[in-house]
Amino acid sequence: MSHDTLAAPSRFATRFAHYIGEVADTLDWDHSHWLALTVRLDATGKAPEALTLGEVQHAIAATVQEAAR
């Protein structure tokens, strides 16, 4: 049994939760938004496993901005 005390989440944990929340928000997207995101992520030239959470979040934000126009 652990005797660790509870502490506020670290900055990393908070940022990680934010990025996962951004990804989860995409579940409400329609097919055209997913295609736009896929094109944007493919344009990085990186393999999916090489993408950082920041890169994915940036691509999501750009896709949302594009859709809002």
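These numbers come from a predicted model, not from an experiment. Positions are given from 1 along the sequence.
- The distance from the CG atom of Leu51 to the OG1 atom of Thr44 is 4.5 Å, given to the nearest 0.5 Å.
- Contact check for Thr14 versus Arg11: no side-chain heavy atoms found under the 4.5 Å cut-off.
- There is a path of hydrophobic side-chain contacts, each under 4.5 Å, that joins Trp34 to Leu41.
- No donor-acceptor pair closer than 3.5 Å links the side chain of Asp25 to the backbone N or O of Asp28.
- Between Val56 and Ile60, the closest side-chain pair of non-hydrogen atoms falls below 4.5 Å.
- By the 4.5 Å heavy-atom criterion applied to side chains, Leu53 and Phe16 are counted as neighbours.
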Give every donor-acceptor pair under 3.5 Å between a side-chain atom in residues 62-69 and any protein atom, sequence neighbours left out.
| from | atom 1 | to | atom 2 | distance (Å) |
| --- | --- | --- | --- | --- |
| Thr63 | OG1 | Arg40 | NH1 | 2.8 |
| Thr63 | OG1 | Ala59 | O | 2.8 |
| Glu66 | OE1 | Arg40 | NH2 | 3.1 |

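- Note: Ile20 CD1 to Arg15 CZ = 13.0 Å, rounded to the nearest 0.5 Å.
- Between the Trp29 side chain and the Leu37 main chain, no donor and acceptor come within less than 3.5 Å of each other.
- The number of heavy-atom neighbours closer than 6.0 Å to NE2 of His58, taken from other residues, nucleotides and ligands shown, is 12 or below.
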